[in-house]
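Scroll down for the structure; my scribbles are underneath it.
All chains are named by letter (A, B, ...) in the order of the sequence lines, taking the proteins before the strands, and each is independently numbered beginning at 1.
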2 protein chains.
Amino acid sequence: MADKHELRDKGLRLTPQRELVLAAVRELGHSTPEEVAEKVRLTHPGINLSTVYRNLETLENVGLVQHTHLGHGGATYHAAEELTHLHLVCGKCEAVGDAPLDVAANFVNALSDEYGFKTDVSHFAIYGTCSNCQ
Amino acid sequence: MADKHELRDKGLRLTPQRELVLAAVRELGHSTPEEVAEKVRLTHPGINLSTVYRNLETLENVGLVQHTHLGHGGATYHAAEELTHLHLVCGKCEAVGDAPLDVAANFVNALSDEYGFKTDVSHFAIYGTCSNCQ
DNA sequence: ATAGTTTGTGCGAATTCTTCGCAACTCGCA
DNA sequence: TGCGAGTTGCGAAGAATTCGCACAAACTAT
Ligand SMILES: [Mn+2]
Ligand SMILES: [Mn+2]
Ligand SMILES: [Zn+2]
Ligand SMILES: [Zn+2]
């Protein structure tokens, strides 16, 4: 009852568009709504961009996907289960590097202890200059 | 030669609009282009929004102002000299708290040592849930 | 299975935010 | 002063996201 019903289990109707949007996000990793739409169109050419936006929002509401801000512009989406790293974004070359979450563990703990603030380190990227661009 | 010529010293022409935009950013702290425009209009009613955008960009290019991302939307600007804290943004209540930069010092050092990545901790906000909203 | 209710979809238009093109203007320099 | 590059205002163009609405599809309950 897992695979075919995970959307129903969340109280959502199961439409081809919705399934495909979720599948696309899972396959693509970080992706913009536009990229998700392109991916979905490979098998469902008629899907409308607003349907993608609406489903991303819906899927985020039930916790199946999340959004992140990697650059100065819009958000990118990823599957909720693959929240395994933080993003190091270089302001010069635009490269996006990964680092394990535990690099930030002490920082996160400090914010929790000193400010009672529970940090989601991967919602916003960590911005700076990568080693190649120093 | 400091005060009246800081713009000239940076190689920029001195126009009323440009001076007022810089002054507005300094007085307002974090502010959107729209807020900067409103402030400037108090003394220079005719200023155009695109002039504000262009001057923010110009001033950023010479290092007098910087932009930050505090929320899911557009950027906010602040004077370069007041980069004294990082921002804790609560995803639930939208509150923006401050914390001294040195809370992040170890984290920044770790990224530098382990990845050669020079972090600008205040370009993006630190996102999470504040103590009131747990 | 069928009919009815509810929710989702496509489509086009509307918003919002930011950038452009260009003629008129003005700042700084000779 | 007077010229020439840099700036400004303005309207239009873009880009990204959201809305309104009629029609279609999915679930619910016969
Ligand atoms: Mn930025
Ligand atoms: Mn966000
Ligand atoms: Zn780089
Ligand atoms: Zn809060």
To the nearest angstrom, how far is [X] atom [atom1] from [N] atom [atom2]?
{"X": "A/Glu19", "N": "D/dC27", "atom1": "CD", "atom2": "C1'", "result": "15 Å"}
{"X": "B/Arg8", "N": "D/dG6", "atom1": "CZ", "atom2": "C1'", "result": "12 Å"}
{"X": "B/Leu12", "N": "D/dT8", "atom1": "CG", "atom2": "C1'", "result": "15 Å"}
{"X": "B/Leu7", "N": "D/dT7", "atom1": "CG", "atom2": "P", "result": "10 Å"}
{"X": "A/Asn55", "N": "C/dG8", "atom1": "CG", "atom2": "P", "result": "8 Å"}
{"X": "B/Arg18", "N": "C/dG28", "atom1": "CZ", "atom2": "C1'", "result": "13 Å"}
{"X": "A/His72", "N": "C/dT19", "atom1": "NE2", "atom2": "P", "result": "12 Å"}
{"X": "B/Ile47", "N": "D/dT7", "atom1": "CD1", "atom2": "C1'", "result": "11 Å"}

Worksheet item: Quick one: are A/Ile47 and A/Val21 in side-chain contact, heavy atoms under 4.5 Å?
Response: yes
Worksheet item: B/Glu82 side chain to B/His78 main-chain N or O, any donor-acceptor pair under 3.5 Å?
Response: no
Discussion item. If we ignore hydrogens and angles and just use 3.5 Å, is the side chain of A/Arg41 paired with the main-chain N or O of A/Gly46 as donor and acceptor?
Written reply: no
Discussion item. How would you summarise protein contacts on nucleotides 16-25 of chain D per nucleotide, using B for base, S for sugar-phosphate only and - for none, with heavy-atom distances below 4.0 Å?
Written reply: SBBBB----B
Worksheet item: What nucleic acid atoms does A/His44 come within less than 4.0 Å of, heavy atoms only: base, sugar-phosphate, or nothing?
Response: sugar-phosphate
Worksheet entry | Neighbour count >12 (heavy atoms, 6.0 Å) for atom CG, A/Asn106 | no
Worksheet item: Within less than 4.0 Å of OP1 or OP2 of C/dG10, is there a side-chain N or O belonging to A/Gln17?
Response: yes
Item to complete: Output all residues satisfying side chain to side chain donor-acceptor pair (under 3.5 Å) with B/Arg26, sequence neighbours left out; order by chain, then residue number.
Response: B/Glu6, B/Glu81
Worksheet item: When clusters are formed by joining ILVMFWY residues with side-chain heavy atoms under 4.5 Å apart, either directly or through shared neighbours, do A/Val89 and B/Leu111 land in the same one?
Response: no
Worksheet item: Is the closest side-chain donor-acceptor distance between B/Lys39 and B/Ser31 under 3.5 Å?
Response: no
Practice prompt. For the side chain of B/Leu14, starting at C-beta, report the closest nucleotide among C/dT9, D/dG9, C/dG28.
Written response: C/dG28
